[in-house]
Colleague: 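One structure follows; several queries about it will come next.
Starting from 1, each residue takes its place in the sequence as its number.
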Amino acid sequence: MVVQTDFMLAADPFRRELLAHCYRMLGSVHEAEDLVQETYLRAWRAYAGFDDERASLRTWLYRIATNACLTTLKGRGRRPMPSGLGGPGDPEQPLQQRPEVPWLQPLPNALVDPPPGDPAAIVAFRASVRLAFIVALQHLPARQRAVLILRDVLAWPAAEVADLLGTTTVAVNSALQRAHAQLARVSPAEDRVAEPAEPEQRELLDRYVTAFVSSDVTALQQLLAEDVVLEMPPYLEWFSGRAAVISFLQAKVPPFQRAMLLIPSGANGQPAAASYRRGTDGRLHAHSVYVLTITAAGIERITAFLDPGLFPAFGLPPVLPATSPTP
């Protein structure tokens, strides 16, 4: 019992960063949570034999987590986004829903944000979970993905990565070069554009929520960048350009939602909002999670994850009472 207690006290501070690590590898918050639990269970069972002279507890936990992720990823394809499966759609055409596709999922900020401290470190951490970066990682084979995360995000020496993967430093460096080349091909331009400061992002999120729930097209147009992109997994269609996005909203969901509530939140180090729709029972039901990519030009991307199953990860209930207000 003493060993078990010692392990939990020593290992618990690493839980948030391990969750972020597993999410980078898997692209799913649900699977990442499961893999972190599995990592702690494996480590707890083996803790009596842990040699702290050979490796730190943090490094040991990362080894277990990375190997668990690589095992999970064997034989799997990537978790896509609609914009990675084809060209933009026509706002006037019917939508095609593909619930069987293992779509990428967002990561709630509240689960992984580090405690207040060095602002530069917090900015760097959030950049490592940005939605565009996670989407790009999905284009890498599992071992390349692990190499890039361990070397570039966690700053592990090549020799340590080689030891974990059972390979050589030459192979690790070669895999890292190939990963960099692939990311350069698939990484969207928005990821290279400087973002406004966090207070400005929060203000713009609040304005977006107000404009959307009140169906204020003029206000919404002013917030969107000219080349804004809207995608909504599990729908295959996605839309590019302010005119197309506004046309879709007006044609498919007029007014944008007759009775809805958007709760400001955060995901992937970015502004986000959780959307509820009022049902025939009078109650507000979980509907989707919006993640916004904001640059100096305005809102560059709106990613609406139409998956009520995400709400528990955001600490939100699936249903709100009938007395909940709507704007």
Colleague: What about the rings of Y276 and H287, do their centers lie closer together than 6.0 Å?
Modeller: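 Y276 vs H287: aromatic centres not under 6.0 Å.
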
Colleague: Do side-chain atoms of Q138 reach the backbone of R78 as a donor and acceptor pair under 3.5 angstrom?
Modeller: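 Flag not set: sc Q138 to bb R78 has no pair under 3.5 Å.
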
Colleague: Would you say the rings of Y290 and F305 are close, in the sense that their centroids are separated by under 6.0 Å?
Modeller: no

Colleague: Would you check if V101 and P233 make a side-chain contact, meaning some heavy-atom pair closer than 4.5 Å?
Modeller: no

Colleague: Atom CD in E237, atom CG in D90: separation rounded to 0.5 Å?
Modeller: 9.5 Å

Colleague: Is any NZ, NE, NH1 or NH2 atom of the basic residue among D227 and R242 found under 4.0 Å from an Asp or Glu carboxylate oxygen of the other?
Modeller: no

Colleague: Would you find a donor on one side and an acceptor on the other, under 3.5 Å apart, between the side chain of N67 and the backbone of R63?
Modeller: yes

Colleague: Report yes if some heavy atom in the side chain of L61 is under 4.5 Å from a heavy atom in the side chain of L18; otherwise report no.
Modeller: yes

Colleague: What class does the angle between the rings of F50 and Y47 fall in, given that below 30° is parallel, 30 to 60° is tilted and above 60° is perpendicular?
Modeller: parallel

Colleague: I'd like to know if the side chain of N109 reaches the main chain of N268, judged simply by a donor and an acceptor atom lying under 3.5 Å from each other, with no hydrogens or angles considered.
Modeller: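 Flag set: sc N109 to bb N268 pair under 3.5 Å.
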
Colleague: Any salt bridge between E200 and R202, counting N to O under 4.0 Å?
Modeller: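 Answer for the salt bridge query: no.
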
Colleague: For the residue pair R15 and Y40, would you count it as a cation-pi contact if the rule is NZ or CZ under 6.0 angstrom from the ring centre and within 45 degrees of the ring axis?
Modeller: yes

Colleague: Walk me through whether E31 and R76 qualify under salt bridge (Lys or Arg N to Asp or Glu O under 4.0 Å).
Modeller: CA-CA 13 Å; E31 287 192 336; R76 278 199 188 178; 2.6 Å; yes

Colleague: Not counting sequence neighbours, list each pair that qualifies as a side-chain hydrogen bond (donor to acceptor under 3.5 Å, both in side chains) and has a residue in residues 143-161.
Modeller: D152-H180

Colleague: Judged by atom type as modelled, is there a donor-acceptor pair below 3.5 Å linking the side chain of R24 to the main-chain atoms of I134?
Modeller: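 The answer is no, because no donor-acceptor pair under 3.5 Å joins these two groups.
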
Colleague: Ignoring hydrogens and geometry beyond distance, is a side-chain donor-acceptor pair present between T293 and E300 at under 3.5 Å?
Modeller: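 The answer is no; no qualifying pair exists.
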
Colleague: Taking atom types as modelled, find out whether Y62 and E17 have a side-chain donor-acceptor pair closer than 3.5 angstrom.
Modeller: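 The criterion, which ignores hydrogens and geometry beyond distance, is satisfied for E17 and Y62.
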
